[in-house]
Amino acid sequence: MSASPVFSVDGLWKVFGPKADRIPADPALTALDPAELRSRTGCTAAVRDVSFDVRKGEVFVVMGLSGSGKSTLVRCLTRLIEPTAGTIVIDGEDVRAMDRSRLRALRRHRAAMVFQHFGLLPHRTVLDNVAYGLEIQGMGRAERRERAAEVVAKVGLEGMEQRRPAQLSGGQRQRVGLARALAVDPEVLLFDEPFSALDPLIRRDMQEEVIRLHREEGRTMVFITHDLQEALRLGDRIALMRDGRVVQLGTPEEIVASPADDYVRAFTRDVPREQILTVRTAMRPPTSAEEAATGPAIRPEATVSEAIEAVARAGTPARVMAEGRCLGVVDAGTLLDVVAGTTTPAGSPPAAGSRAAGAARVGDGGPPARAKPRAGEAPAQRRELEPPTATTSEEQV
Ligand SMILES: Nc1ncnc2c1ncn2[C@@H]1O[C@H](COP(=O)(O)OP(=O)(O)OP(=O)(O)O)[C@@H](O)[C@H]1O
């Protein structure tokens, strides 16, 4: 059973340009590619017939190249940009029907945004920047400063409460931005490419911070990025966008194992498959009772990379075990097939992201295999795009 959705988006369009409203309803126009549409109508369809759910407790990544429609899509969720057509529901409430005060409450209390350019107030201290959202909510000074101090500590800025933004590094400023969004205790955090201006090491630190916060708090997050590595590291599910459409929505494993089309395949070509795919992809039935009873035990969620290490150490095939049952066996050959990309994974590729593509509602089908628990289950064990740590063959990896 999947967790209930926080956001539910259906048939969403955002068209910029003259008489934008007529575009979604006119099949002759929706069939045009972006360049034709622009030359015939002067309009840009930044988001085209997109449908998805964001489940409670998940990190939902919206990924795509520049101009693919990520920011427009996420801004439509709280109507920072007005959608042209479609429905958006948050916890059962129709976002498009909200009046101004409901919308304000939505943005302030329920879905806080963390921007790339921090948006910090330069003359205020770290503490007062973090308390700002609470001040707007009308919380008293003492209470909001106390709450802000807690959140400042939570994001690792203890001792810097009295500094001004100019006295902080880029990474520290981004932590203040994050703390400010967290302080209002929103149901969903929306991140708009928050780390793309940071240098790689600090960026990595911030990704860890997001993972840690997610693990500790289980907060629902929608995260925009154009960086595949970041998407794979952070996402429970990834919506991959191209020209305003969601071309694939799935877990990192689904996207890497079963790219929906050549575009996604090209996008994921250089991903180290063994670090993303789990042993489920490499499993075969045991050939004998002995094989099912001996050899190192590994979890179904273990990556192929971890299994390679276990098999190499033991010098025998390894058993994929769940609740004392042997689900299958992996050996050097089946594992190498995954690395080489010569395996056809079990299960069909997940559906692409639009009704126009003839797809069912994306992401609602049962995925073939998950490397991470579903939202609402035990905290996700994140994939690391790095060599795995050593394990003994007796341990479950
Ligand atoms: N206000 C606007 N008026 C007209 N066209 C716009 C407007 N905002 C965005 N667009 C167009 O909509 C498309 C999607 O833009 P969007 O900013 O959502 O993409 P993105 O994937 O977030 O890109 P980036 O990673 O560069 O921020 C682009 O073609 C863009 O030029």
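Atoms within a ligand are numbered from 1 in the order they appear, just like the ligands themselves. Remember, predicted model here, so these are calculated numbers, not experimental data. Note that the numbering runs from 1 along the sequence shown for the chain.
Between Glu150 and Lys154 there is no salt bridge, since no side-chain N of the basic residue sits under 4.0 Å from a carboxylate O of the acidic one. Using a cut-off of 4.0 Å between Lys/Arg side-chain N and Asp/Glu carboxylate O, Asp227 and Arg203 are scored as salt-bridged. Between Arg147 and Glu143, no side-chain nitrogen of the basic residue sits less than 4.0 Å from a carboxylate oxygen of the acidic one, so the salt-bridge criterion is not met. Between Glu291 and Arg284 there is a salt bridge, since at least one side-chain N of the basic residue sits less than 4.0 Å from a carboxylate O of the acidic one.
What sits closest to atom 15 (O) of ligand 1 on the protein, heavy atoms only, is Thr72 OG1, 3.8 Å. Counting only heavy atoms of the protein, atom 27 (O) of ligand 1 lies nearest to Ser71 OG, 3.8 Å. Annotation: atom 21 (O) of ligand 1 to nearest protein heavy atom, Lys70 NZ, 2.8 Å. For atom 30 (C) of ligand 1, the closest non-hydrogen atom on the protein side is Thr44 CG2, 4.8 Å. For atom 1 (N) of ligand 1, the nearest non-hydrogen atom of the protein is Phe16 CE2, 3.5 Å. Protein heavy atom nearest atom 26 (O) of ligand 1, with residue, atom name and distance: Ser66 OG, 2.6 Å. Here the protein heavy atom with the shortest distance to atom 19 (O) of ligand 1 is Gly69 N, 3.2 Å. Closest to atom 14 (C) of ligand 1 among all protein heavy atoms lies Gly67 O, 3.4 Å.
Distances from atom 12 (O) of ligand 1 to the heavy atoms of Ala46, Pro34, Ala20 show the closest one on Ala46.
Contacts with ligand 1 closer than 4.0 Å are made by backbone heavy atoms (N, CA, C, O) of Leu65 only, the side chain lying farther away. Only the side chain of Glu193 comes within 4.0 Å of ligand 1, judged by heavy-atom distances.
Listed by chain and number, the residues in a salt bridge (charged side-chain N to carboxylate O under 4.0 Å, His left out) with Asp99 amount to none (sequence neighbours excluded).
Here the two rings, on Phe7 and Phe60, have centers that are 6.0 Å apart or farther.
Within the 4.5 Å cutoff, the side chain of Thr294 has no heavy atoms near those of the Thr316 side chain. Using a 4.5 Å cut-off on side-chain heavy atoms (C-beta onward), Glu274 and Thr303 make no contact.
For atom 3 (N) of ligand 1, the nearest protein heavy atom is under 4.0 Å away.
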